[in-house]
2 protein chains.
Amino acid sequence: MGLDQNQWSEEEHDVVQRIRKRVIEVVGRNMELYGVTLSTGHLYGLLFFADKPMTLDDMGREMQMSKTSMSTGVRTLLDLKMVNKVWEKGSRKDLYEVEYDWYQTFTDYFATQWRRAVESNLQALRRAMKEIDRLAEQPDTGGFVAGVLRADREKIRQAESYYKWLDRLIDAMEDGEIFDLVPREP
Amino acid sequence: MGLDQNQWSEEEHDVVQRIRKRVIEVVGRNMELYGVTLSTGHLYGLLFFADKPMTLDDMGREMQMSKTSMSTGVRTLLDLKMVNKVWEKGSRKDLYEVEYDWYQTFTDYFATQWRRAVESNLQALRRAMKEIDRLAEQPDTGGFVAGVLRADREKIRQAESYYKWLDRLIDAMEDGEIFDLVPREP
DNA sequence: AAGTACGTACAGAAAAAACTGTACAGAGTA
DNA sequence: TACTCTGTACAGTTTTTTCTGTACGTACTT
C-alpha cells in the first residue's frame, strides 16, 4: 500500500492486507446504500486504510484498474464529500484521502442528496396541488371528477406533510442538532 | 386508471392523468435514493394515485410493461414495505396498494436497509479489530508494523463509534422516538 | 518557448441489469 | 378429479452502466 520500503516484510504486509481486505469488502458492498458502485465502494475502502493520501496512479495500481476509472470514482466520492483533495507541496499529482469523520460524511450525504430529492418532490407536489385546485374550481367539473380530485388532493397533502418533516430532519442533520437529539455517546 | 366506466369524460380523465403523471415522474425519479429502478419508482407513483388497489394486470396495462416486470417490481416494493398486499374477497388476483403513511415508509426503510448494513459493517470491524490485536500481541511483530496496526486500530475504533451512533439513530427511527425529537408538526 | 506530466473527455468494448415471453407449479373452482 | 387462472422461475434479448485506451487541454518545469 505504497510502502515499498523494506520496513516490513512481505509476510507482514500480506497479513495486514488480508485483514484490511475483508473490511474493505464489507464496507464497499454496503456503500451501495449511498448509491455508489461496488468498485467505487472498494476504492473508498482502499483509501480508508491508506497510510497516506493517494494519487490516481496509486489507486489504479492497487485496484488493478485504469486511471480513468479511478478518476471518475474519485470524483463520485468527492461529490459525496466522502473523499477530500489534499495538497502536498512537492507533488504535482493530486492527492486524495477519505473524510475520516463519518458522522460528517453521513450528515453531508443527507444534506445534499436527500435535500435535493425533497425539494424537487415538494415542488412537484405543490405544482400539482395548484393545478388540482384550478381544475376543481371550474364550474363544469362533474361530481365524479370532483371526488377524484378530492382524493388526489388529500394524498398530496399527506405527502407534503411528510416532506416538510423530512426537511426538518435534514435540517437537524445539516446543522448538527441531530447530535443533541441522538448523542454521539449514549 | 381502472375507471373505464363513463363516469368522467375522456377529456377529464386525460387532464387528471397529466397532472398525476408529472408527480409520478418526479417521485419515481427521486426514488432512486431508495435504490430502486426508475421504472419501479414509476410503478410506485402509479400505485400512489391509483383510486383502488391494483392487480399485476392492471399495472402492466397502465405501465405498458410485462406482467413479469410488474411482479418483480411489486416484490421489490413489498420488500421495502412501500407497498402492501391487500385482500379482497371475490378476486382471485393479488391486489396491491401503496403504504400511504410515508413517515412509516421512511422509518421502515431505515430499520431494514440501514440496519442490515450497520450490522454487517460492525461485525466486520470487530472481527478485524480482534485480528489486529492478536497480531499486535505477537512477540515477533516489528516496530514498524506495530505502528501500522496502531493506525488501523484507531481508524476502526472511530468507525465503530460512528456505527454505534447510527445504530441508535436507527433505533429512534424504528421505535418512533424520532418523532419526539423531530416532531411531525413543527 | 519547448517539453513533460497530469487529469479527464470521449468513443468503443465489456459487463451488468432490466425487461420479456414461455412454461409451469400451485391454488381455486366445478 | 379435471379444469382454469394466477404469479413467478428461467432463459434469452435489449438496454444501461461500467470500464478501458487514446487523445488532448492545461499547468508546471526548464
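All values below come from the heavy atoms of this structure, side chains included, with hydrogens, waters and symmetry mates left out. Everything quoted here is computed from the prediction, not taken from an experiment. In what follows, chains are A, B, ... by sequence order, proteins preceding strands, each numbered from 1.
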A.B. asks: Just how far, in rounded Å, is C1' of dC19(D) from CD of Gln64(A)?
C.D. replies: 15 Å
A.B. asks: Mind calculating the distance between CH2 (Trp87(B)) and P (dT6(D)) to the nearest angstrom?
C.D. replies: 14 Å
A.B. asks: Judged by modelled atom types alone, do Asp58(A) and Thr55(A) share a side-chain donor-acceptor pair under 3.5 Å?
C.D. replies: yes
A.B. asks: Mind calculating the distance between CG (Leu38(B)) and P (dA17(C)) to the nearest angstrom?
C.D. replies: 17 Å
A.B. asks: Do the ring centers of Trp114(B) and Tyr34(B) come within less than 6.0 Å of each other?
C.D. replies: no
A.B. asks: Measure the distance from CE on Met65(A) to P on dA14(C) and round it to the nearest whole Å.
C.D. replies: 16 Å
A.B. asks: Between the protein and nucleotides 7-12 of chain C, list every N/O to N/O distance that falls short of 3.5 Å.
C.D. replies:
{"unit_1": "dG7(C)", "atom_1": "OP1", "unit_2": "Asp94(A)", "atom_2": "N", "d": "2.8"}
{"unit_1": "dT8(C)", "atom_1": "OP2", "unit_2": "Ser71(A)", "atom_2": "OG", "d": "2.5"}
{"unit_1": "dA9(C)", "atom_1": "OP2", "unit_2": "Arg75(A)", "atom_2": "NH2", "d": "3.3"}

A.B. asks: Below 30° counts as parallel, above 60° as perpendicular, anything between as tilted: where do the rings of Tyr162(A) and Trp102(B) land?
C.D. replies: perpendicular
A.B. asks: Looking at Ser69(B), I'd like to know whether one of its side-chain N or O atoms comes within less than 4.0 Å of OP1 or OP2 on dT20(C).
C.D. replies: yes
A.B. asks: Under 4.0 Å: is that the gap between some side-chain N or O of Ser39(A) and OP1 or OP2 of dC19(D)?
C.D. replies: yes
A.B. asks: For Lys81(B) and Asp108(B), which heavy atoms make the closest approach, and how far apart are they?
C.D. replies: CD-OD2, 3.8 Å
A.B. asks: Could you state the NZ-C1' distance from Lys89(A) to dC28(D), rounded to the nearest angstrom?
C.D. replies: 18 Å
A.B. asks: Whether the Arg20(A) and Gln17(A) side chains hold a donor-acceptor pair (N or O, under 3.5 Å, no angle test) is what I'd like checked.
C.D. replies: yes
A.B. asks: Please identify each residue that fulfils salt bridge (charged side-chain N to carboxylate O under 4.0 Å, His left out) with Lys85(A), with sequence neighbours left out.
C.D. replies: Asp94(A)
A.B. asks: Expressed as a whole number of angstroms, how long is the span from Met70(B):CE to dT20(C):P?
C.D. replies: 7 Å
